[in-house]
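Before any comments, here is the structure.
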Amino acid sequence: MCCDLKRRFLLLYATQKGQAKAIAEEIWHQAGAHGLEADMHCMSEMDKYDLETEKDPVVIVISTTGTGDPPDTARKFVKKIQDTTLPLDHFAHLQYGLLGLGDSEYTFFCNGGKTVDRRLQELGAQHFYDTGLADDCVGLELVVDPWIDGLWLALKEAFLLQKEKEGMSSLVNAVSSSLSASPHVVHELNLSSEVQSLKLEDGVRSSDVLTQKLVDINLVASTRDTEPSLVHSVPPVSQSALNIPALPPEYIEVQFHDTHSENPHLSSLISEGTTFEVPVTKAVQLTTEDAIKTALLLELDIADTVFDYQPGDAFCVICPNNVNEVEELLHILGLSEKAEYFVSVKVKQGTKKKGATHPQHIPERSTLKFILTWCLEIRAVPKKAFLRALVECTSDVGEKRRLQELCSRQGASDYTRFIRDSNVCLLDLLHAFPSCKPSLNLLIEHLPKLQARSYSASSSNLYQPGKLCFVFNIVEFPACPSRPVSRKGVCTGWLAELVAPLLHSSKTTMDTKQESTSIAKISIFAHPNNTFHLPADPSVPFIMVGPGTGISPFIGFLQHRQKLREEHTDWEFGETWLFFGCRHQDRDYLFKQLRCFLDNGTLTHLKVCFSRDSSTAEVAQPKYVQDVIRLYAKEVARVLLRERGYFYVCGDKKHMADGVSDAIVDILSKEMEADKLEAMKILAMLREAKRYLQDVWS
Ligand code: FAD
């Protein structure tokens, strides 16, 4: 490779305890292997770099300290970019990628990185690569490793774009440069001939054409064996000596008994309280057939039980694994004929495992089928220790090596990409590695307990005595290279199948009375929530934010409030706000009858947005609930600050809840004329006072 084509990028780090620096050094180190040159500096060395004139991509690694502060070494830098006199296009020339480090145990997770990221965006800088936020609480490497892996391609694309801007002739150079950094010879050969033909055919062609050619070439190359997959590795992993974890000692012994007996009752699997087996009396599909996700509402009859709940409470559904998957697993394990045998499980005598005990979630006596159906989470993503143990049960040498790679330090990013992020389960592995034949004891040792799933009550016992409703999306795992078949979520897939005969289209309204035609029953137990309840004082105003199925508990809130208003006409009731959002007005607007609550005064303000509906309005419509909340900044601040109201958020943890709290911080900061940090402290106080309440799930 020609050295003047070696691509440079600026690498800045701001560290408190050395982690950001160590990660930056790792990036610096890897850059060389990718034919790139990282010009690395601590953020505090402001005389060594100049973002005002920087033309190359910038990579920033920054940690968080104190209560959401950037590290000391970033203070000057942050102060400089926060200068309010800077024009909004100050960094319009800048392309950057940012990796924030933090700890989600603290309220202001990754705030150092978020602060810098937000301000760079405000000043017009562009992301060439998505921001990564790594969590020390679960292990920084879970985000850091894949983030670094993806950085190289993003950088190369950024260089190509940069060159495209500079003109066609330099673009061709950039292409050669980018590809000569690639470890795959196939890419190099293909591309040079493509570039040649471009030159020969037309002389100068538009950069769009070349970009398209590059995309095509990448597609061709990726279909070859040059790409890693679940079962296939490429250099450097395939050629590395591997650091693999120690083999976990076996500690379970199983014995089969061909006897006749009863399987234990499901209630014996639950230690959290009393279980209730209740009939499903109604099932309604709330979304249309063409909606991206399918949402169902189920109504349970709890009249004959002592099950009690308040709006805002959740409860748990005991669910089995998919019947076909259990059969398949039995078949692969060669245990189909023993499916109905009783299994007794003991701790192996003389095991080297420290503190080995009988797994609590495996009954003393139950059939093999019962254990695989009700006790073990067979869909769990296999941990590295499990992969390590599976190596020992695999006869094919190539398969053995790949399993070793996937649990090794060198194969960490392959593990993340092909197993964890692809949501691969044991069955997928057994299909991909057919010579792997684990024993039942290994499964019991490594598969976790099959957990009951929680759902928020979507009804009020005052409004619908003897009924308990809930709403859920059927989780879909589409087929992918690591998983040849598509699957549904364990619980939601099972529920959907169970209630199929009861299902009615979304046109059926919630209040329509229907005859119960099925005796489908499910087992549930209480999972009360201590705080996510209506304010004790009905005169206090409150705001509810619940996009998608996050609307669920608020239906219960509103039903309850409506009943209270009917029964206590002399009470004073505070203002109520509901922010709801979904993709399309005509496909997944789950509860159109929210209007009824508005019409009868139970709900004072209903604000709805649709993220995927195209709008003909001149001014762009807000897409997400957080965008709509910003439009009502004054009212939100009044309810929260002056009227000491409550704020409830329910639904998606990853994408929505943070967006909403960011919006609230901005609102508090604007309305109180305080800086962001001050606003964050107020939000923290609201959380502490249980007036900002979240019920979020992933
Ligand atoms: P599983 O088989 O357990 O799969 C879900 C897992 O897969 C999740 O980890 C998810 O991150 C991941 N995943 C999902 N889709 C994909 C995909 N396409 N590709 C890869 N990975 C994917 N849910 C509701 O719908 N309504 C509620 O009211 C509700 N209330 C809840 C209240 C509480 C307190 C909690 C903790 C959770 C709540 N949930 C609710 C979530 C619910 O408990 C289940 O997690 C959810 O229904 C999925 O269960 P499942 O068994 O069908 O999916």
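Both ligands and their constituent atoms are indexed starting at 1 by order of listing.
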- Message: Does ligand 1 come near enough to Pro478 that some N or O of the ligand is less than 3.5 Å from an N or O of the residue?
- Response: no
- Item | Mode of Pro553 contact toward ligand 1 - side chain, backbone, both, neither (heavy atoms, under 4.0 Å) | neither
- Task: Please indicate whether any nitrogen or oxygen in Arg483 is less than 3.5 Å from any nitrogen or oxygen in ligand 1.
- Result: no
- Message: Between Thr281 and Asp301, is there a side-chain donor-acceptor contact under 3.5 Å, judged purely by atom types and distance?
- Response: no
- Message: Whether the Tyr309 and Ser459 side chains hold a donor-acceptor pair (N or O, under 3.5 Å, no angle test) is what I'd like checked.
- Response: yes
- Message: My question is simple, although I want it checked carefully: is atom 25 (O) of ligand 1 less than 4.0 angstrom from any protein heavy atom?
- Response: yes
- Hey, is Trp697 touching ligand 1 through its side chain, its backbone, both or neither, going by heavy atoms under 4.0 Å? side chain
- Answer side chain, backbone, both or neither: which part of Ile474 comes under 4.0 Å from ligand 1, heavy atoms only. neither
- Number the atoms of ligand 1 from 1 as they appear, then name those within less than 4.0 Å of a heavy atom of Val490, with their elements. 1 (P), 2 (O), 50 (P), 51 (O), 52 (O), 53 (O)
- Nearest non-hydrogen contact to atom 42 (C) of ligand 1 from the set Ser552, Ser454, Gly651 belongs to Ser454
- Query: Of the listed options (Trp494, Phe477, Tyr455), which comes nearest to atom 46 (C) of ligand 1 when hydrogens are ignored and any heavy atom counts?
  - Reply: Tyr455
- Task: Please determine, by modelled atom types, if His560 and Gln310 share a side-chain donor-acceptor pair under 3.5 angstrom.
- Result: no
- Starting from atom 28 (O) of ligand 1, locate the nearest protein heavy atom and write down its residue, its atom name and how far away it is, to 0.1 Å. Ser456 N, 3.2 Å
- Query: What do you reckon, does Phe470 put a non-hydrogen atom under 4.0 Å from ligand 1?
  - Reply: no
- Message: Considering non-hydrogen atoms of the protein only, which is the closest contact for atom 53 (O) of ligand 1, and what is the distance?
- Response: Gly489 CA, 3.5 Å
- Message: Just to be sure I read this right, does ligand 1 sit under 4.0 Å from the backbone of Glu476, its side chain, both, or neither, counting only heavy atoms?
- Response: backbone
- Query: N/O to N/O below 3.5 Å, does that happen between Lys488 and ligand 1?
  - Reply: no
- Message: Looking at Glu476 and Arg487, is there a salt bridge between them, counting it only when a charged N and a carboxylate O are closer than 4.0 Å?
- Response: no
- Item | Option whose closest heavy atom lies nearest to atom 15 (N) of ligand 1, chosen from Asn423, Asp695, Val475, Val696 | Val475
- Task: Please name the residue in the list Tyr692, Tyr648, Phe647 that meets the ring-ring contact (aromatic ring centres under 6.0 Å, His included) test with Phe542.
- Result: Tyr648
- Got the closest protein heavy atom to atom 52 (O) of ligand 1, with its distance? Thr492 OG1, 2.6 Å
- Using the ring of Phe477 (Phe, Tyr or Trp, six-membered ring only), decide whether Lys488 places NZ or CZ under 6.0 Å from its centre and within 45 degrees of its axis. no
- Task: Could you check which of Glu377, Arg487, His527, Arg453 puts a non-hydrogen atom nearest to atom 3 (O) of ligand 1?
- Result: Arg453
- Message: Protein heavy atoms near atom 8 (C) of ligand 1, is at least one of them under 4.0 angstrom away?
- Response: no
- Item | Glu327 bridged to Lys369 by N-O distance under 4.0 Å | yes
- What are the atoms of ligand 1, with element, lying closer than 4.0 Å to any heavy atom of Asn473? 25 (O)
- Item | Exam field: side chain Tyr129 to backbone Trp147, donor-acceptor pair closer than 3.5 Å | yes
- Do Thr604 and Thr576 have side-chain atoms, one donor and one acceptor, less than 3.5 Å apart? yes
Mind listing the side-chain donor-acceptor pairs of residues 495-502 below 3.5 Å, one per line with the distance, residues two or more places apart or on another chain?
none

- Message: Any donor-acceptor pair under 3.5 Å linking the side-chain atoms of Gln559 with those of Gln464?
- Response: yes
- Does a donor on one side chain and an acceptor on the other come within less than 3.5 Å for Asp145 and Ser413? no
- of all protein heavy atoms, closest to atom 45 (O) of ligand 1 is Ser698 O, 4.6 Å
